[in-house]
Amino acid sequence: MDSLNSLIDGFGTALTPMNLLWAAIGVLLGTAIGVLPGIGPAMAVALLLPVTYGLDPTGAFIMFAGIYYGAMFGGSTTSILLNTPGESAAVVAAIEGNPMAKSGRGAQALAAAAIGHFAGGMIGTILLVVLAPTVASLAIGIGAPDYFAIMVLAFIAVTSVLGASRIRGIASLLIGLTIGLVGLDQMTGQQRLTFGSLQLADGVDVVIVAVGLFAIGEALWVAAHLRRSTGKPIPVGRPWLGRTDLKRTWKPWLRGPVIGFPFGAIPAGGAEIPTFLSYVTEKRLSKHRDQFGKGAIEGVAGPEAAASASAAGTLVSMLTLGLPTTAVAAVMLAAFQQYGIQPGPLLFEREPELVWGLIASLFVGMVLLLALNLPLAPVWAKLLRIPRPYLYAGILFFAAVGAYAVGGESLDLVILLVIGLIGFGMRRYGLPVLPAVIGVILGPAAEQQLRRALQISDGSVTGLVNTPFSVTVYAIVVLIVAWPLIGRLIGRVRGGRNAVEESRTVSGG
């Protein structure tokens, strides 16, 4: 009941004219950004961070959340119409959505995706309302060893799940941790990696790192591989689902959030894994398996519902533990720090108006997004005709202006360019960007919690594993690290058994 009362108060905050305007701007921007290939929600939020300095924190976060959910909606439009995912969570939607579009059922695919996002977002946000205060109350009892264990889990999980290999994920994490070391040591005052520059004594601003790695790195990468031709959108009719389509989609809409929400709440790489698992689940459960690969509507409805629910799950970890599990959450955590607010167990007590206003705005945003995406799908498709040189020139301009606005120092622009070049190099060699961003944000906090735990235990390493919670988390870390080896051993044992059985069969014959 306390959560329900708080949510009602949150609606009072979210439904003020100004906050409604920010929600509408957020969902419009997010949908447009999701439609444009290569510009994900993380880049959008990173670019807008410096612009929102003068805004009220509640309005800023309502807009950021609108961008996050809007990009999820918009990303499926290009997946379905052009077989070009607007962002990573929409990759699976292309598998069935594009064949549907080519066969003249693009309108139905877009409708299944839009309603799937609406259902997944609503169910996920309801779970957020129910679970977040409970998780926050439990997290109050978590000590320094436990927090350090959680951060180690985040580091290991995000480097293991993302990228072409674990080594590349770890390399990306090390880049982020190194950038996070720049500045004065908080406990001793010793300068680290400042190269004698007083301007670097405060460290590299997280906003500049996020903008550099996402926006500058992506713009340079696209410029290096620029193609003048732009895709031609497939004409879209009025999105509408018939009775047969509804019969085939309502169960996937409900199953998707069950898969998506838990994966969003744990450090497992965001919506990519749950969308794929949802697709595999729908393929196994469908009565129309022969249509998969040729345009099965279940393969669009389930994964898209899972994607939106995972976004709500991401907010649980970010708001209650201060733990970002996706790139967008990492950038939003930087936004909280920009306003001097620290997400964590006490956030619900210290900033109830902000938190519950943000959660209530998610419900409002979902309704706005459904109203926008069903009738305006043909309009979004036309955004694909913007020439990429103009698009990325604008991104570079806003990135430079935003970075300069952070501190008003010309050195910030130099740092932005250097980090942008690092981001370009990471893309060139297949290093995922998310571990680096999480390393920059969580690295200093992990170091602080490690030192606190060691101080409490008088320098004894056993102080890191002296609670049941920390032992459990480290056991999960060991399982994640050892899982590929376990999988190989199981494969060899099975292979050996099969070989023995075959030899027995041959000798018996």
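Side-chain atoms are counted along with the backbone in the values below, which use heavy atoms only and exclude waters and symmetry mates.
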Would you please name every residue forming a side chain to side chain contact (heavy atoms under 4.5 Å, CB included) with Val258, sequence neighbours left out? none
If I take atom CG from residue Leu110 and atom CD1 from residue Ile115, how far apart are they, to the nearest 0.5 angstrom? 11.0 Å
Go through the steps for Tyr339 and Phe61 under the test side-chain contact (heavy atoms from CB on, under 4.5 Å), then give the verdict. CA-CA 11 Å; Tyr339 284 104; Phe61 284 106; 3.9 Å; yes
Could you check Leu319 against Leu358 for side-chain contact (heavy atoms from CB on, under 4.5 Å), going step by step and ending with a plain yes or no? CA-CA 11 Å; Leu319 293 174; Leu358 173 62; 4.3 Å; yes
Which atom pair, heavy atoms only, marks the closest approach of Ser308 to Gly121? CB-N, 3.5 Å
Side-chain donor-acceptor distances from residues 438-447 under 3.5 Å, at least two apart:
| from | atom 1 | to | atom 2 | distance (Å) |
| --- | --- | --- | --- | --- |
| Glu447 | OE1 | Arg192 | NH2 | 3.2 |
| Glu447 | OE2 | Arg192 | NH1 | 2.8 |

All side chain to side chain donor-acceptor pair (under 3.5 Å) counterparts of Thr16, not counting sequence neighbours: Asn19
Closest non-hydrogen contact found for Ala329 with Thr314 is CB-CG2, 3.4 Å
Hey, are the side chains of Val364 and Leu20 touching, using non-hydrogen atoms and a 4.5 Å cut-off? yes
Working to the nearest 0.5 Å, report the span between CG of Asn466 and CG of Asp146. 8.0 Å
Closest contact, heavy atoms only, Ala360 versus Ala14: CB-CB, 4.0 Å
Sidechain-backbone polar pair: Ser278 side chain, Gly302 backbone, donor-acceptor under 3.5 Å: yes
Checking Ser172 side chain against Ala436 main chain: does a donor-acceptor pair fall under 3.5 Å? yes
Reported OG-to-CE distance for the pair Ser361 and Met366, which is rounded to 0.5 angstrom: 9.5 Å
Is any side-chain heavy atom of Met426 less than 4.5 Å from a side-chain heavy atom of Leu213? yes
Candidate pair Phe363 and Val129, rule side-chain contact (heavy atoms from CB on, under 4.5 Å), full reasoning: CA-CA 11 Å; Phe363 289 102; Val129 171; 4.1 Å; yes
Restricting to non-hydrogen atoms, name the atom on Pro262 and the atom on Pro257 that form the minimum distance, rounded to 0.1 Å. CD-O, 4.1 Å
Residue pair Thr58 / Leu354: nearest heavy atoms and the distance that separates them: CA-CD1, 3.5 Å
Going from CD on Glu282 to OG1 on Thr249, what distance comes out if it is rounded to the nearest 0.5 angstrom? 10.0 Å
Could I get the full list of side chain to side chain contact (heavy atoms under 4.5 Å, CB included) partners for Gln449, not counting sequence neighbours? Ala144, Tyr147, Phe148, Met151, Arg452
How about Met63 and Val27: do any of their side-chain heavy atoms sit closer than 4.5 Å? no
Quick one: ring pair (Phe, Tyr, Trp, His ring centres under 6.0 Å) partners of Phe348, sequence neighbours excluded? Trp356
On a heavy-atom basis, which atom in Ala132 and which in Thr320 lie closest, and how many Å separate them? O-CG2, 3.2 Å
Those residues at least two apart in sequence (or on a different chain) that pass side chain to side chain contact (heavy atoms under 4.5 Å, CB included) with Ala296 are Glu96, Arg248, Gln291, Phe292, Glu298
Is there a donor-acceptor pair under 3.5 Å between the side chain of His117 and the backbone N or O of Glu304? yes
Show the numbers, then the answer: is there a side-chain contact (heavy atoms from CB on, under 4.5 Å) between Thr467 and Thr472? CA-CA 9 Å; Thr467 64; Thr472 305; over 6 Å; no
